[in-house]
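Quick notes on the structure that follows.
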Amino acid sequence: MSKFLEILGPALGGTAVVLGGAWLSAYHLNAPEPLGPTAQERQEQQAMAAPAPTEGTADPVVLATGQDAAKSPTSAPDGGSFGLGRAATADELAAWDLDVSPDGTGLPVGSGDVETGEMLFSENCAVCHGEFAEGVDNWPKLAGGDDTLADKDPVKTVGSYWPYLSTVWDYVHRSMPFGHAQSLETDDVYAIVAYILYSNYLVEDDFVLSDENFLDVEMPNAAGFFIDDRETSEAHFWEADPCMEACKDSVEITMRARVLDVTPEEEGAESAAPAEDVTMAAAEVADPAPAETTETTAAATVTEPETETAAADPELIAAGERVFKKCKACHQVGDGATNKTGPQLNGVIGRPAGSVEGFSYSSPLQEAGAAGLVWTPEELSAFLAKPRDYMKGTKMSFAGLKKDKDLAAIVAYLQSFPGD
Amino acid sequence: MSDIPFPKPSRRAFLRGAAATGTGLALAGTAQAEGDPLITQVQDWAQGFGDGVDATPYGLPIRFEDDVVRRNVEWLTADTISSINFTPIHALDGTITPQGCAFERHHSGAIELSKSDYRLMINGLVDKPLVFTYADLERFPRENHTYFLECAANTGMEWAGAQLNGAQFTHGMIHNMEYTGVPLRTLLNEAGYDTSATWIFVEGADASSNGRSIPMDKALDDVLVAFKANGEALRKEHGYPVRLVVPGWEGNMWVKWVRRIEVLNGPVESREETSKYTDTMADGSSRKWTWVMDAKSVITSPSPQAPITHGPGPLVITGLAWSGRGAITRVDVSKDGGKTWETARLAKPGENKALTRFYLDTDWDGEDMLLQARAMDDTGYVQPTKAQLRDVRGENSIYHNNCIQTWWVRPTGEAENVEVS
């Protein structure tokens, strides 16, 4: 009981204690109904009730009555704990309690250098973020953007914007690479973070990042943030009596959405091609950079890829090997290739879809394979051009290869690895 | 007709509506003579059978409503796995958003996590770090509350000017559901949290983890660990089997598939609360911890995707209003771009941190209108114009754009997203 009082006292005040008591007696009476508010609660509600209805309101408004009536007891009937749940083990805590705070709390012992980081970044991160962390297409840029925060279109990167290095370490460690999270070893994370710092010119190429020097790294925009001040800087929005009549002399239309024409079709299948000056569309709803895309993604139709299946073309295969870097985070091919995030790809050309043993395919892909889909050069090209359009529901989180020559190259490269 | 080319969405909707209107008019004309064949002739549905009770164990809307769906704006993001779609608010009424068309925002896709595989850990500054199963959660006293969830980026594409032509796209990162769940304070009590601790950190089970720090005061106030929405289990895309509900605060904090709550004495300053969900001002400095969603409203009909399909005469103007600080007390509507205002009728008294439906039952003269709505909440906050917001925040905030929206309604009944002086 003492715990109950100690905890609830400061949190909820006397009300909670009264409510707790009321609940106790009700419980013993086996009252089936939820309790209504106590007299004291009702008084409090009335005291807290909103200002008188504003002039002009159609309906007089009664605020939030009954809100507190819905509150449930926070302790067991005897006032103690419910005794639910079980103790977390040390191993469980170690597995899940991974967050790292700005002061370094949570950072494991380890280290990694820029050079190793560059290699790891190329293998694991460059497919989206670019070899130099400059960002591919709409994927996030991690480097650059210095002194752009006051510009019309700020470029927010680790170097230009992120206030804490702990955030970078924590995020890479827990949530990256995209589609293969929590696959990096501690020292790999240090190395990749060291490389991201290097790509932002924040450290030299011989830098080694470790738990010991972690807090010495200065983030350029560390002082660039202030705590929400809307209630003071925007106090004038709390204007009791807004204008109702003759609020403006004239009204002119100054901008129209149709001029831009960036709204999707109603069916939602195709995307409208963004107009040229979409740079105003600074809508960073998601991780990737905003809508400055000048490339239209609407080119959904796949033109016939060049797949002359005559003699293997060494140059094309070499080009395909370079393209395959985009796939390597998830797929292996060649000697000893095994299933990773994606299935191993030896002999993929000519094999039925969804047929690699031990790989858990999406059900649409399994069904397509069962229905007779074979990965011919043509089918594979169509798939890789727009994976999720071609195979709705595929688990492959790859945006697709836009260029026909890349498609031809990747097919030639994969064709050079026969199955066993 | 207008000399302006129609954008495809409203054109299709408009033509569909116009066709219906035309038919209606013709019938109205013939009704006196031989009568409406829909009435005078026996229809198939009045003669034969409909579906049996075993046809649809769990139903979807009838096919005539198949355009009332979430939509994606493909160019916004690099990949649909980490992206957002939009609630068709232009086609809904009332205040409850059905889960099946309530907008989705994922950072690494909507995961499939079963109740039996679900675990919730509470650790950090607690007497006893605990692990709960789903079944454990069902044994705590639970509550029901209706709250809106708005993404901080809702209307974020409109900072620099009118851009997307439809209420679904300008204001559709919002939904409103009745949640059933256990107050977080109950679970914190169960673990014996340190009463001097000032923060919690919450994370999800998906690959993004989407960790967020929340001040302890809020955690003890009204945060819910919810497992039902609108009476049924959370849909996969809304965090099945368990999500956090953080009333009135930005949607990103409502962690889905919530798996761990850590009691701390400081914020973690995770990726989602530093590099994202911080609001950059004109001078390049950035506001952080902008959790509360300011009061806001939008007219959902008429709007670009919901044009007027009848001629002059009785017209229902309707929309939604909400405030993260409390209840909506009043909504005003202007037909002339903000020169004059009239107070709309609230369908029900405003509810705490939930959507409020408003109506203006009016008589349309068939002339151009510049429709606007302006919400007020019980703290006295009045929804600002876009110019007022830009004066304080510039155009680069991305998040928290709660400005007054303008729809230009033409004599044809079509509507367009515009900005006015």
Side-chain angles (χ1 to χ4, degrees), chain A residues 7 11 50 54 56-59 61 63-64 70 72-74 81 84-85 88 96 99 101-102 138-139 149-150 162 164 167 171 174-175 181 225 227-228 237-240 242 244-245 248 251-258 263 265-266 268 271 274 280-281 283-288 291 293 397, chain B residues 7-9 12 71 74-75 77-78 81-84 129-132 136 141 143 153 156-157 160-162 164-165 185-186 189-190 207-209 220 260 268-269 271 274-275 284 286 288-290 327 329-330 337 339-341 343 345-346 349 352 378 380-382 384 398 417-421:
Chain A
I7 292 170
T54 323
T57 305
D59 294 334
V61 174
L63 280 165
S72 57
T74 54
S81 81
L84 295 171
W96 275 11
D99 56 276
S101 291
N138 250 358
W139 295 101
L149 296 181
W162 293 40
Y164 304 106
T167 313
Y171 191 69
R174 281 200 294 176
S175 302
F225 293 79
I227 293 174
D228 188 4
F237 295 165
W238 278 264
E239 42 173 327
M244 297 297 284
E245 294 288 339
K248 304 177 183 177
V251 174
E252 303 295 330
I253 292 172
T254 53
M255 189 172 248
R256 301 178 47 188
R258 276 187 199 167
T263 311
E265 300 277 328
E266 182 119 319
S271 151
M280 54 162 286
E284 202 172 352
V285 290
D287 319 334
T293 169
S397 67
Chain B
K8 283 165 187 158
R12 228 172 265 124
R71 290 192 175 82
E74 208 175 301
W75 54 259
T77 55
I81 296 293
S82 178
S83 191
I84 194 154
L130 290 177
V131 173
F132 299 114
D136 291 333
E143 298 181 4
M157 292 81 79
L164 286 163
N165 209 24
R185 76 180 94 83
T186 306
N189 273 339
E190 188 73 6
S208 81
S209 95
L220 295 174
R260 192 172 70 93
V268 168
E269 302 285 10
R271 185 233 192 210
T274 53
S275 77
S286 300
K288 66 174 186 176
W289 304 354
T290 47
T329 51
R330 178 175 135 194
K339 274 193 226 174
T340 58
W341 296 84
T343 297
R345 172 171 64 88
L346 304 185
N352 182 38
D378 57 7
Y381 185 96
V382 180
I398 298 171
N417 174 14
V418 298
E419 218 173 277
V420 295
S421 58

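Scope of the values below: all heavy atoms of this structure, side chains included, with no hydrogens, waters or symmetry mates. Each chain gets a letter, A, B and so on, in the order its sequence line appears, and its residues count up from 1.
Considering only heavy atoms from C-beta on, A/Pro242 comes within 4.5 Å of B/Arg330 through its side chain. Side-chain contact between A/Met255 and B/Val418 is absent, with no heavy-atom pair separated by less than 4.5 Å. Residues A/Ile227 and B/Lys288 have side chains in contact (heavy-atom distance under 4.5 Å, counting atoms from C-beta outward).
Residue A/Trp96 holds its CH2 atom at 11.5 Å from OG of B/Ser209, rounded to the nearest 0.5 Å. Taken from OH in B/Tyr381 to CD in A/Glu239, the straight-line distance is 10.0 Å, to the nearest 0.5 Å. With rounding to the nearest 0.5 angstrom, the OG atom of B/Ser83 is 10.0 Å from the CG atom of A/Asn138. To the nearest 0.5 Å, the span separating CE on B/Met157 from OG1 on A/Thr263 amounts to 9.5 Å. Between the CE atom in A/Met244 and the OG1 atom in B/Thr340 there is a gap of 8.5 Å [rounded to 0.5 Å].
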>> Is there a side-chain contact (heavy atoms from CB on, under 4.5 Å) between B/Lys339 and A/Val251? Walk through the geometry before answering.
In response: CA-CA 8 Å; B/Lys339 274 193 226 174; A/Val251 174; 3.8 Å; yes
>> One pair to check against side chain to side chain donor-acceptor pair (under 3.5 Å): B/Glu143 and A/Ser72. What are the steps and the verdict?
In response: CA-CA 6 Å; B/Glu143 298 181 4; A/Ser72 57; 2.8 Å; yes
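Of all non-hydrogen atoms in B/Ser208 and A/Tyr171, the two that sit nearest each other are O-CE1, 4.3 Å.
With respect to chain B, the highest number of heavy-atom pairs below 4.5 Å among A/Ala150, A/Ser81, A/Ala257 belongs to A/Ala257.
Side chain of B/Glu190 to backbone of A/Leu84: a donor-acceptor contact under 3.5 angstrom is found. No donor-acceptor pair closer than 3.5 Å links the side chain of A/Arg256 to the backbone N or O of B/Ala162. Side-chain atoms of A/Thr74 do not come within 3.5 Å of backbone N or O of B/Thr186 as any donor-acceptor pair. With hydrogens and angles ignored, the 3.5 Å screen pairs a side-chain donor or acceptor of A/Lys248 with a backbone N or O of B/Gly337. Not a single donor-acceptor pair under 3.5 Å links the side chain of B/Thr274 to the backbone N or O of A/Trp162. Although no hydrogens or angles enter the test, the distance criterion places no donor-acceptor pair under 3.5 Å between the side chain of B/Thr290 and the main chain of A/Asp228.
Of the two parts of A/Phe225, the backbone and the side chain both hold a non-hydrogen atom closer than 4.5 Å to a non-hydrogen atom of chain B.
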